[in-house]
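For reference, the structure is listed below as structure tokens.
Within every chain, numbering begins at 1; the chains are lettered A, B, ... in the order of the sequence lines, protein sequences first and strands thereafter.
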2 protein chains.
Amino acid sequence: MSTRNAPTLEDVAARAGVSRATASRVINADPRVRDAARAAVSAAVSELGYRPNRAARRLVTRAADSIAVVVPESDERVFSDPFFSGTLKGVTRAIGSLPMQVVLVMGNPDDGDHRMERYLRGGHTDGAIVVSHHQNDNLWRVLAETRLPSVFLGRPYAEEARVPYVDVDNAAGAALAAEHLVARGCRRIGTVTGPMDMSAGQDRLAGWKQAVEQAGLEVTLVEHGDFTAAGGAAATRRLLEGCPDLDGLFVASDQMAVSAIGELGVAGRRVPDDVAVVGYDDSPAATMSRPALTTVVNPIAEMASCAVDLLLRVMDGETVEPEILTTSLVVRESA
Amino acid sequence: MSTRNAPTLEDVAARAGVSRATASRVINADPRVRDAARAAVSAAVSELGYRPNRAARRLVTRAADSIAVVVPESDERVFSDPFFSGTLKGVTRAIGSLPMQVVLVMGNPDDGDHRMERYLRGGHTDGAIVVSHHQNDNLWRVLAETRLPSVFLGRPYAEEARVPYVDVDNAAGAALAAEHLVARGCRRIGTVTGPMDMSAGQDRLAGWKQAVEQAGLEVTLVEHGDFTAAGGAAATRRLLEGCPDLDGLFVASDQMAVSAIGELGVAGRRVPDDVAVVGYDDSPAATMSRPALTTVVNPIAEMASCAVDLLLRVMDGETVEPEILTTSLVVRESA
DNA sequence: GCATTCTGTGAGAGCGCTCTCACAAAGAGA
DNA sequence: TCTCTTTGTGAGAGCGCTCTCACAGAATGC
């Protein structure tokens, strides 16, 4: 065995009394090996505690072996917002049994030491899925420069970013929600938006506005949230101050919607009798909420698997087109 | 450039009119290169969109490049329990600026297709930190067989598992909690335990029992939880049924404690006036809970960084001893 | 002026693996 | 019996990189 280092295939072969090629065949389950040789190699492997060197193997097979899921948000948020767990779960599922690992890269992208940017530039992974991209992170630029195959989950904010992405028709979803409130007879319909530096926030606001306008109602009842529970509660409070007789509310995420309902309760409004509330995401929280949340379905798992699919194709050198999924409304108790 | 493939260092060198060695020096920021050569190489790199081949680099530098954080729990739980986010955050922080990636491997270890075991045996990472190990997962055995450097965060359940681990003195922590309840004047002190197939669950129960016994009180008020909110609520309900005049409660995790307080409220008990409650973890939820939770500090970040430290040493071939951290009690409002 | 350092560079080995190719031995068909 | 497959095996190339070593040329010391 080579000095004091980990055993190599060479060592295994020598111990088993076969060539390196045959040892390799056994390791990789090639059927054309005599049983005796196979047994000898297997024995040598376990005696030596041999583990193949990934780098060497990868160098010759040229297989990609990891993709990054990039989330430019604090770890706090990543772990508290079910959207991210859903995405990560979806990506993991979609990768399925491919021998590839998913690396979660999170944190504020412009956080002093450029950790995230350095990581991405370092070429530690073979591809990237960017999940919660904001206007001011220059992620798409970094990725374009490094030519790292990447797919955005959610349309990139910058118009000029020519990056493949998968998105859901957020505007249509929000319109669905607003139309539902209109059809229910609501006349003073407000909205708690998502962050305005994200395309999802913008699009959901636009969809709401378009539908409310179409119904001939006022589109002034807008307060900005940030997709967190606290932000949603605060926005709801402001909305109620400005318009105490609010009777319909579209909240751009379920997590915010749940806390909006809480806030409405504190203010003495019943849901849906006084104020009808529609959320967005159809997250697990939607069914557990009291009253259960009427919400727009965000097909997170589908988006994730679609993103993986696109990414694998990009990594294959293909040129791919953005993919837009459709949404629907789930009517429960809150509206 | 070699046919249609990604550019190699050779290509960069050729384009810059220098040798491969010099190109490599520029890429790796070796100072001993003429400015002209450096500029030429840099230009070639960006023109060609060159990215170093990780596998090739790794093959020669022999540097480890990824460690797995193994969590034998459903993705649901991993993303809902703050313990895991704390751990993952701690590990990420501890890895710091080392050029190493953290791979999150989660899922039920005996889930039909042995995904987790296959992954671990596949040698996809250079080391593993096992986080929420249960009695029946044979993780320590798999890891021993593959000789993958690994460290348990939380003492492995099996006595015979001679694996390095870092743990906190769970029994002492639980005793602290129980003693606090005793000192407060509680006389009928119950406990909602963690899962009995985890050492943390066992040890916290043992600590509680020892302290309660020492005070000359009954140790029969025990109901088993599973570290989830729902499980904690159910256990509390059972406890209350069996002993309506319960006046002190030690709950083996904050997440369960918060839902226990909710359950006590539903049953018309005031906390801490009727029932004093002590949690375990000192998670963010502890301060946000109403009333704020008196709880045992679980130094998760410290454990994580300690685990990383041990793992790096194991990966270096060192033999390391288990590490046991101490806990303390934070008194807030609930007890 | 000559020996000595320093500086920048290139040639080339070699990391551990897979995989192609050649080839011996054994079996099958004539 | 002689060819023609089939089967199992080994020799050896080569993946893309880093790093040691040797060496030319400039700078320095005496």
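No donor-acceptor pair closer than 3.5 Å links the side chain of A:Asp81 to the backbone N or O of A:Arg77. Counting only distance, with no hydrogens or angles, the side chain of A:Arg155 and the backbone of A:Asp167 share no donor-acceptor pair below 3.5 Å.
Heavy atoms of A:Ala55 sit nowhere under 4.0 angstrom from any nucleic acid atom.
Phosphate proximity of C:dT18 to A:Thr61: absent, as no side-chain N or O sits under 4.0 Å from OP1 or OP2. Contact between the side-chain N/O atoms of B:Asn53 and the OP1/OP2 oxygens of D:dC15 is not found at any separation under 4.0 Å. Phosphate contact (OP1/OP2 of D:dG16, side-chain N/O of B:Thr8, threshold under 4.0 Å): absent. An OP1 or OP2 oxygen of D:dT9 is reached within less than 4.0 angstrom by no side-chain nitrogen or oxygen of A:Thr22. In this structure, A:Arg32 does not reach the D:dT7 phosphate: none of its side-chain N or O atoms is under 4.0 Å from OP1 or OP2. A close approach under 4.0 Å does not occur between any side-chain nitrogen or oxygen of B:Arg34 and OP1 or OP2 of C:dG8. Contact annotation: A:Arg62 reaches the phosphate of D:dG16 (side-chain N/O to OP1 or OP2, under 4.0 Å).
The CZ atom of A:Arg58 sits 17 Å away from the C1' atom of D:dG14 (whole-angstrom rounding). Between the CZ atom of B:Arg20 and the C1' atom of C:dC15 there is a distance of 13 Å, given to the nearest Å. Spacing between atom CG of A:Leu48 and atom C1' of C:dG16 amounts to 15 Å, rounded to whole angstrom units. Here D:dG16 presents its P atom at 17 Å from CG of B:Asn28, a figure rounded to the nearest Å. To the nearest angstrom, C1' of C:dA11 lies 14 Å from CG of B:Leu9. Between B:Ile27 atom CD1 and D:dT18 atom P there is a gap of 8 Å when expressed in whole angstrom units. Atom CG in A:Asp35 sits about 14 Å away from atom P in D:dT7, given to the nearest Å. As a whole-Å value, the separation of B:Asp30 CG from D:dC17 C1' is 15 Å.
Each of A:Pro31 and A:Ala21 lies near DNA chain D, and the nucleotide nearest A:Pro31 is the one positioned closer to the 5' end. Nucleotides of DNA chain C nearest to A:Arg57 and B:Arg38 differ in position, and the one nearer the 5' end is that of B:Arg38.
In the interface, the side chain of A:Arg25 is paired with the base of D:dG10 through a donor and an acceptor atom under 3.5 Å apart.
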**Message:** Applying side chain to side chain contact (heavy atoms under 4.5 Å, CB included) to A:Val41 and A:Val12, what does each step give before you reach the verdict?
**Reply:** CA-CA 7 Å; A:Val41 172; A:Val12 172; 4.0 Å; yes
**Asked** Checking side chain to side chain contact (heavy atoms under 4.5 Å, CB included) for the pair A:Thr22/A:Arg25: CA distance, chi angles, key distance, verdict?
**Response** CA-CA 5 Å; A:Thr22 297; A:Arg25 288 189 185 98; 3.6 Å; yes
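At a threshold of 4.0 Å, the pair B:Arg15-B:Asp11 does not count as salt-bridged, since none of the basic side-chain nitrogens sits closer than that to a carboxylate oxygen.
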